Every structure is written in C-alpha cells, then in structure tokens.
There are 2 protein chains.
Amino acid sequence: MQPVACQLLAAARARGHIGPVFGAGAPRDGVGLARQRHTVTISQVAEAAGVARSSVSRAFTRPHLLRPDTVERIKAAAARLGYVPNHSARALSTGLYGNLAMIVPDVANPFFPPMIRAAQDAADDLDFCVLLGNSNEDPANEDRLVGKFVAQTEGLILASSRLPRKRILDHAQRRPIVLINRDVEGIPRVLIDSASGVAQAVAHLAERGHRTIAYVSGPASSWSDKSRRAAAEKAAARLGVTLITLPARIPSFEAGRDVTDVLIGTEASAAIAFDDLTAHGIMEGMMAHDRAIPGDFAIVGCDDVLANLTRPPLTSISSRSQEAGQLAVSLLCELLRSRSVKDARIVLDTQLVVRQTS
Amino acid sequence: MQPVACQLLAAARARGHIGPVFGAGAPRDGVGLARQRHTVTISQVAEAAGVARSSVSRAFTRPHLLRPDTVERIKAAAARLGYVPNHSARALSTGLYGNLAMIVPDVANPFFPPMIRAAQDAADDLDFCVLLGNSNEDPANEDRLVGKFVAQTEGLILASSRLPRKRILDHAQRRPIVLINRDVEGIPRVLIDSASGVAQAVAHLAERGHRTIAYVSGPASSWSDKSRRAAAEKAAARLGVTLITLPARIPSFEAGRDVTDVLIGTEASAAIAFDDLTAHGIMEGMMAHDRAIPGDFAIVGCDDVLANLTRPPLTSISSRSQEAGQLAVSLLCELLRSRSVKDARIVLDTQLVVRQTS
DNA sequence: CTGTTAGCGCCTTCAC
DNA sequence: GTGAAGGCGCTAACAG
C-alpha cells in the first residue's frame, strides 16, 4: 500500500472514522458525514419559470398535461439552474424506487460477471438502477444484504442463493424476488439446467473407457451442485459406471488443486468438477503429481467460462449465464406489473463442449 | 430462449410494457407498476409500543438517548410488526442516501470484477450500498449513468472513465467523485501505474534481442493506454529499440486476434498488448499463422488477469485492481467527511511477471 | 429521557 | 391548463 493511502486510512482510524456509518441502528450523523450541499429543488425552478411547483412536477412526469410552451419554459429554467429531481423525495411520494437489487455469491467468480452485465443492461433499458451485492458465499451475509436492499428496491434477483428455502419465502413476501439457479416452488426462477450437459459428460467419459468417475462437488447449499450431482449419479447408474463424490465446497482454483491429493487415492480415472475453476485446479494438481491430461486422467469442467484458455483446453459444459441474467430481469419486471406470474420456471438447457482434457 | 420467457416477453411487448419505466421525464405510473403494498411505518410501531414516533426513530438511530428498556420494548414491537425503516424517507429527511455508485466500462472484462468486489466489500463494511453501472465503453452512456446515480448517492467512483475531462469536473462539482485509472488534477484518484511494468517489459524484450517491438493499444480515451504507450516509447528510445504502435481500440480477444494480420506485416518480433485479453487474441492469431510463441514472436500482456491460464502461460504486467477498488472507497469516504482531500493522487506501481510467452 | 412540532422534496388529488 | 393544499415516512430541533 502506498503512503498516501496509509496516511489517509491511519488518520481516519485515529479519528474513529473507519467503521459502520449507516444501517439499521447506526447513527447517521456525528461521524462527520456532511449533509449534501443544498441542491436545487422544484420550488426554485417554479419560481424561476414563474409557475407553481406542481407544474414543474408535471413538466417532468406528465408533460402532456401542460401546454407545450409551458413545458418548454419550465425545462429551460430547470436546465439553467441544473435541476435534478430528488430521487428519494420522488420515491417517498410515489412508493416507487426505480431500483433493482442483484445478489451473487462472488462477483469475482468468472461465472457471474457476464450474468451481472446482462442483468445490468436489461435493467438499464427499463430505466432501473441496480444495486449489487456480494454475499461472499455466506447465507448470513446474503440475508443481511437482502435486508439492506429491500428498503430501496422494487424487487431483487438472487443468483445462486445460499439462503435456506424458508428465508427466501419470507423475503419474497415483502418484495418480489426472482431466483437464478435455485429452484423454490412459488418463486419465479431461471434455471440453467446443467443436468443435461452433465449427463452428456458422463456418457462421453464412459465411451472413452472410464469405469470410475469422480464428481467434485461445489457449495452444499447450491442448487446447481445438487442438480449436477444427481444427474451424474443417474447417468452413471444407467451406463453401469461407478460414480464417487468428493467435496470441494467453495468453488475455486485452490479448492480444486487441494482435492487432487484425495482424488489420486481413488479408483477414478476421470473427474467432472462443479465448475471450471475447480476443474482447472484439479488440472494443475494432477500435473503437479505428474499425471498426464487427458492420458492419465480426464477432466470435465462446468460453466465454460475458461474456454480455450487452459492448457490443454478444458472440456466443459456450456452455460447460458447472460441469458439467465437478462431473463431474470424480464421476469422480475413482469412480476412487478402483474403479481400473477407467481410461479414461472424457466429452464435453459446446456451441452457438453468437448475440448482436449477428456 | 425458452417458451415461457418468449411468451412473457411477447406479451409484455404487446401490452407496450417493454420500454423505459423510470427516469427523468418518464411517467412512473400508468405502465402498470403497482405501488408497493403498504408497509409498516414508524407510527404503527409507535402505537404498538405506546411511545411517540420520534422515540421509535431514536431507538433505531441513536438508542443511547433512550432508556434501555424503552429501546427494548420498541424493538420488540418493531420486530413483531416486521418494521423496516423506509430508506427514501430517511434519505429525504437527512439528505444522506447511504449509497455509493461505481461505473466501469465493462463488467465482464476480467480486469474489473475483482476491483468491483473489493470496492463492494469495502463499501459494505462502511454500510454503504453500491449501485453498479456498466458504461459499455461509451462516454455518452457513462454520462447518462452518472446522471441517474447522482440523485441517490453520496458519491461516485468512476473506473477507467472514458468521459472528457470537462465532464468529470462538472460532475465532481455536484457530487464527490473518485477516479480509478484516470488522472484529472483536482479530482482524487487511484492510479495503477503500469508504466513501471511496461518499462520493465521493454527492457526484458530488448535483452532477449528484440529490436522492433509493437505496442498494441487500447481505448483512445483510456488514461492507462496513454500511460502505457508513453512508457513504452520512452523505454524503447532509451534502449535504442524501435517501437511501433498498432490500434486495437476495444480491448478484447477478438480485437487482438484481428490485429495480428497487420502485426505480421511489420518488422516487430514482439508485442506488448494493452491488456491480457488482447494479448491472448494475438497469441491465437499468431498460432493461426503458424508462428511459434515465443520462438517466432514474443508477447507480453497487461493486468495479469489470465495468470497461467493461457498456453503457453502469458508474460504479463501485474495489476493491483483489488487494492485500487478498496482504496477508492476509502478515499471517497474521506472525501465525504472532509471536503479537504480534494487532490489525493494514489499511485500503485506494477511489475513484469515473466512467464513463457517472451 | 420522552413527546411535540416542523419540515425534507415531490406528487397528486382537488378546485379554479 | 394551472394553482393550492395535503401527505408520503422519517428525522431534528425544541420543549418539558
């Protein structure tokens, strides 16, 4: 860390400035946050334009109710003064926020950014702002974030939620919620059905002669993980190959690398990993143990976020995270408009992309 | 796209539901968005607890002003009723939003997610919510986003802003702004100084015998690009090697691959790319032209987001995007507290990470 | 310690 | 078509 920042931070700490500022229960003044410098309000515009405040309001929200030249005059005055409608005041009086929230387990996991981006863009088209939350794979954290966001959003999108079913239902009662990769009846959801791709992967591996296949699992509370695991087991049973399951918990390169030690002690000659990161970790782990890929050991990832970046290029299961993000926003808007789409369930299927690790 | 979604979207379109809902000038009713179902307010809690509304407020914001048992009683009543403070009302009366905004050119560019995450986490610690914006590398879009966010945030962080200097100064006059990878005097900024790493890269390549080196540039309005390019030129001049510059504009795999055709027509035997994505594209392009790497052509990336994912592993220039994100939030908070840190300039230096493409 | 009284800035029903 | 008045839910003085 560079000097300037150190100084700043140290100074701030010394003054007790580092720590919560807002939030339920936290005092919002007294820590030095100055109230925003008085901005220009509707009244000032009204005066400048020589009209009533209500007319200014109308000029911005329903201009067709005013004579065109009045609208013109008001807008001119507003522009001259640099008037910007106060979001909070508007929200308070209409009960509408114009915000959506999206919570993901890990912004930096390459699976999510394309999805976030797609959701972002879709929300932007509809003129919503999006509040982003990073739960850090922690249900308690996720719960806390929902609490923070719920007070200023029309609705939320929970991607790969780690929350217990019950909590989701609770929250959904307060605010419209759309789920991605989580299947809770009664809550609209977009599911990337990796099961289809996993089944293909097992068949593919069996065909290549693998008799024992390992599934390296992901987060225990992940719907995707359950679904992939179940699909793997089912396909293995059908094809008469043995499937063993090993845990990696937090999906990451490190987790994959670490699980390798266990993996080489088993009968497995191939592995399907919960995601590409884990798969990549396993690849490195295997190589460190002098196992050739795919010669000695075959590996299949999931989500296809690494494309042909790895060495050798990783066989993976396609994902459709952009579509999922975009659809989640559409669904949420639909939900906001008519509370009737209560139980939509959109399934996006996937398929195996064979490269050179299998 | 799956049937359900198609139906939903088609139906929405038919009803004229797709299109802007909010925003300056857009009517917020009439498009079917129902006002939130009446939530429980401070008054109801007050009545339930048998106290005045102000006491309820105090119980949540400055409990030390109340007798512990009163606080207890109020909180109990609030919990029983499921009371959640209304963010807008609070913001309206305090002038404080508890929100920060962060705008990046491309959420899905792997350079940004770690930075976003770090900023996110830092903001979360300080109990701020963060609004995320994706400018799509478009200044007009970025400008629009700033406008949208300014009305509901204490301050903004612009990462790799593509805005003209003048606009940044304008906006900074309305709301505190912190820049990442953009150097505007008078605006607090965090700069990842890739110049140091680029100089090392040129020296490294010269040492390996390269006499003509190409710099494949990034977005024209990018400070990082200017700075990298200048550093490359300076180092080349000092070492007596020739530097040519080729444009790739939008940093991406495709841009890198496409520039290869031009690249092979030059004298250059090595290239330094604006970022890792572009570098990776060049790698693929070279390989498609049967050029061996690093035998026939050496490549150095920038930002080090691909680590040892590529084949062969890409030599790159380290980045410090997490630190940058975290520091930007700290700086912004400092700025909010005392308008005095007006001209902080934090510089994070970088270095060359030699792998196998050079 | 706690209740009372004004707004914060905007939208929206009413009159005119 | 436009103005006047009330209220959205909360916080912030000011009293007591």
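Quick caveat: nothing in here was measured; it's all calculated off a predicted structure.
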Legend entry - Earlier contact from the 5' end, DNA chain C, for Ser54(B) and Ala89(B): Ser54(B)
Legend entry - Sequence-distant partners of Ala77(B), side chain to side chain contact (heavy atoms under 4.5 Å, CB included), two or more places apart: Val45(B), Ala48(B), Ala49(B), Arg80(B)
Where do N or O atoms of nucleotides 14-16 of chain C meet protein N or O atoms at under 3.5 Å, pair by pair?
none

Inset, instruction - Enter the inter-axis angle for the ends of the helix from dC1(C)-dG16(D) to dC16(C)-dG1(D) (five pairs per end, rounded to 10°). - result: 30°
Legend entry - Value in whole Å for how far the C1' atom of dG9(C) lies from NE2 of His87(A): 13 Å
Legend entry - Any residue meeting side-chain hydrogen bond (donor to acceptor under 3.5 Å, both in side chains) with Arg58(B), in chain and number order, not counting sequence neighbours: Ser54(B)
Legend entry - Side-chain N,O (Arg67(A)) to OP1/OP2 (dT2(D)) below 4.0 Å: yes
Legend entry - side chain to side chain contact (heavy atoms under 4.5 Å, CB included) partners of Ala119(A), counting only residues at least two apart: Met102(A), Val329(A)
Inset, instruction - Rounded to the nearest angstrom, tell me the gap between atom CZ in Arg90(B) and atom P in dC8(D). - result: 19 Å
Legend entry - 5' precedence on DNA chain D between Val51(A) and Ser43(B) (nearest-nucleotide basis): Val51(A)
Legend entry - Rounded distance (Å) that lies between atom P of dC10(D) and atom CD of Gln44(B): 9 Å
Inset, instruction - Measure the distance from OH on Tyr83(B) to C1' on dT11(D) and round it to the nearest whole Å. - result: 10 Å
Legend entry - Nucleotide dC14(D), atom P - distance to CG of Leu65(B) in whole Å: 15 Å
Legend entry - Shortest side-chain distance from Thr94(B), nucleotide among dA12(D), dT4(C), dG9(D): dA12(D)
Inset, instruction - Give a yes/no answer on whether the side chain of Ser55(B) brings an N or O atom under 4.0 Å of OP1 or OP2 in dG3(C). - result: yes
Inset, instruction - Indicate whether OP1 or OP2 belonging to dT11(D) is found under 4.0 Å from a side-chain N or O atom of Ser57(B). - result: yes
Inset, instruction - Please indicate whether Arg73(B) has more than 12 foreign heavy atoms, meaning atoms of other residues, nucleotides or ligands, lying under 6.0 Å from its CZ. - result: yes
Inset, instruction - Let me know the distance between CG of Leu96(A) and C1' of dC8(D), rounded to the nearest Å. - result: 13 Å
Legend entry - Between P of dC10(C) and CZ of Arg62(A), the distance in whole Å: 17 Å
Inset, instruction - Mind checking side-chain hydrogen bond (donor to acceptor under 3.5 Å, both in side chains) for Gln120(B) and listing every partner two or more places apart, or none if nothing turns up? - result: none
Inset, instruction - May I ask you to say what Val56(A) touches in the nucleic acid, namely base, sugar-phosphate or nothing, with a heavy-atom cut-off under 4.0 Å? - result: nothing
Inset, instruction - Answer yes or no: does atom CZ of Arg144(A) have more than 12 heavy-atom neighbours from other residues, nucleotides or ligands under 6.0 Å? - result: yes
Inset, instruction - Could you tell me whether Phe128(B) and Tyr97(B) have their ring centroids closer than 6.0 angstrom? - result: no
Inset, instruction - Specify the residue among Gly50(A) and Ser88(B) whose closest nucleotide of DNA chain D lies further upstream toward the 5′ end. - result: Gly50(A)
Legend entry - Between dG7(C) (C1') and Ile42(B) (CD1): distance, integer Å: 15 Å
Legend entry - Sequence-distant partners of Asn136(B), side chain to side chain contact (heavy atoms under 4.5 Å, CB included), two or more places apart: Arg117(A), Asn134(B), Asn141(B)
Legend entry - For Pro164(A), side chain to side chain contact (heavy atoms under 4.5 Å, CB included) partners two or more places apart: Arg167(A)
Inset, instruction - Tell me, please, which residues at least two apart from Arg162(A) pass side-chain hydrogen bond (donor to acceptor under 3.5 Å, both in side chains). - result: Glu137(A)
Inset, instruction - Would you classify Thr70(B) as touching base, sugar-phosphate or nothing, given that sugar-phosphate means primed atoms plus P, OP1 and OP2, and contacts are heavy atoms under 4.0 Å? - result: sugar-phosphate
Legend entry - Below 4.0 Å: OP1/OP2 of dG9(C) and any side-chain N or O of Tyr97(B): no
Inset, instruction - Among dT2(C), dA4(D), dC10(D), find the nucleotide with the atom closest to the side chain of Ala52(A). - result: dA4(D)
